[in-house]
Amino acid sequence: MEIWIVIGILVLLLVVWPVSTYNRFVRLRNAIAQAGGSIDAVLKQRFDLLPNLAETVKRYAVHESSVLTQVTAMRGGKQSYDELSAAEKNEFANRSLLGIRDFYAVAEQYPELKASDHFMHLQRTLNEQEEQISAARRTYNAMVTEYNNAIQSFPASVIAGLSRFYPEQVLEISEEERAVPNLSDLFGNNN
């Protein structure tokens, strides 16, 4: 009877555990892909919203062309978010965040723009999208961390190495985004 217990334990160690570990890695890798897709979905919404934002700024502050130029340049001549490569999507995400900050600075200079119901709706929409992007990025980074911990922890790391599961990179922000904005530059220096 004791031999059957030993055989059962060996079967668990040699068959069931490696298969379940491998399957867990696959589920985690797929969760990372899904989280990345969520980020893309929200960035695509932002990509499509920016022309409307630019049109609103144009109507209320025609002489403020630098913001419009930035928004147009951020799109890089692409008509669809899906046309962007992964690197272009990341660049768009970083540059558009900085453009949105400039847009808010322009809005502060034009009270009639701030009072516009259309502008207020766009501003709320942008804020919601930024929160969604932030939440999607946190989810992505959490999934990457869980996956990396799973494939790098012993003894599961043996299965990961044999099955060619490699660590993923968490999303990081650029140095430009890390910098604290200089409000005197945004609202005009009175010196």
Side-chain angles (χ1 to χ4, degrees), residues 24-57 64 66-76 78-110 113-114 116-152 166-187:
R24 179 170 182 247
F25 295 158
V26 170
R27 282 191 304 277
L28 289 171
R29 186 175 55 196
N30 290 341
I32 290 170
Q34 180 184 11
S38 296
I39 293 171
D40 279 346
V42 180
L43 287 175
K44 182 178 182 340
Q45 287 175 341
R46 183 199 282 170
F47 184 88
D48 293 340
L49 178 66
L50 283 177
N52 294 327
L53 176 65
E55 185 60 31
T56 300
V57 172
E64 187 58 54
S66 66
V67 172
L68 299 175
T69 303
Q70 280 183 323
V71 168
T72 303
M74 281 189 279
R75 288 184 67 121
K78 307 288 183 172
Q79 295 301 313
S80 168
Y81 180 80
D82 297 331
E83 292 178 32
L84 299 175
S85 68
E88 288 172 325
K89 287 177 184 178
N90 191 38
E91 175 69 15
F92 170 76
N94 292 334
R95 289 180 55 212
S96 62
L97 178 61
L98 297 172
I100 289 167
R101 287 181 190 163
D102 291 343
F103 171 74
Y104 287 136
V106 170
E108 289 295 325
Q109 295 175 8
Y110 301 100
L113 177 60
K114 285 174 46 179
S116 163
D117 289 339
H118 190 60
F119 169 78
M120 296 304 290
H121 173 72
L122 284 172
Q123 189 175 24
R124 279 190 304 275
T125 302
L126 281 171
N127 287 338
E128 289 169 7
Q129 284 190 324
E130 292 309 312
E131 289 172 10
Q132 290 174 3
I133 290 169
S134 179
R137 285 179 170 176
R138 282 192 305 271
T139 299
Y140 179 87
N141 282 345
M143 295 309 307
V144 167
T145 299
E146 184 178 349
Y147 169 79
N148 287 345
N149 287 340
I151 67 168
Q152 293 171 346
Y166 302 110
E168 295 284 338
Q169 288 292 110
V170 294
L171 297 175
E172 297 178 357
I173 62 172
S174 67
E175 287 302 317
E176 193 173 16
E177 285 182 287
R178 288 179 193 267
V180 176
N182 184 341
L183 295 180
S184 65
D185 289 344
L186 291 176
F187 297 114

Working to the nearest 0.5 angstrom, can you tell me the gap between Tyr140 OH and Glu168 CD?
5.5 Å
So which heavy atom on Ile151 is nearest to which on Tyr166, and how close?
CD1-C, 3.4 Å
Among all residues two or more places apart in sequence or in another chain, which pass the side chain to side chain contact (heavy atoms under 4.5 Å, CB included) test with Gln152?
Asn148, Pro167
What distance separates Gln45 CD from Ile133 CD1, expressed to the nearest 0.5 Å?
8.5 Å
Keeping Asn141 on the side-chain end and Leu171 on the backbone end, is there a donor-acceptor pair under 3.5 Å?
yes
Pairing residues for Glu146 by the side chain to side chain contact (heavy atoms under 4.5 Å, CB included) criterion, not counting sequence neighbours
Arg24, Leu28, Met143
Can you list everything that forms a side-chain hydrogen bond (donor to acceptor under 3.5 Å, both in side chains) with Thr145? Sequence neighbours excluded, please.
none
Contacts of Phe25 meeting ring pair (Phe, Tyr, Trp, His ring centres under 6.0 Å) (sequence neighbours excluded), chain-then-number -> Phe165
For residues 29-40, which side-chain N or O atoms pair as donor and acceptor with protein atoms under 3.5 Å away, sequence neighbours left out?
residue: Asn30; atom: ND2; partner: Val26; partner atom: O; Å: 3.4
residue: Ser38; atom: OG; partner: Gln34; partner atom: O; Å: 3.3
residue: Asp40; atom: OD1; partner: Tyr81; partner atom: OH; Å: 3.2

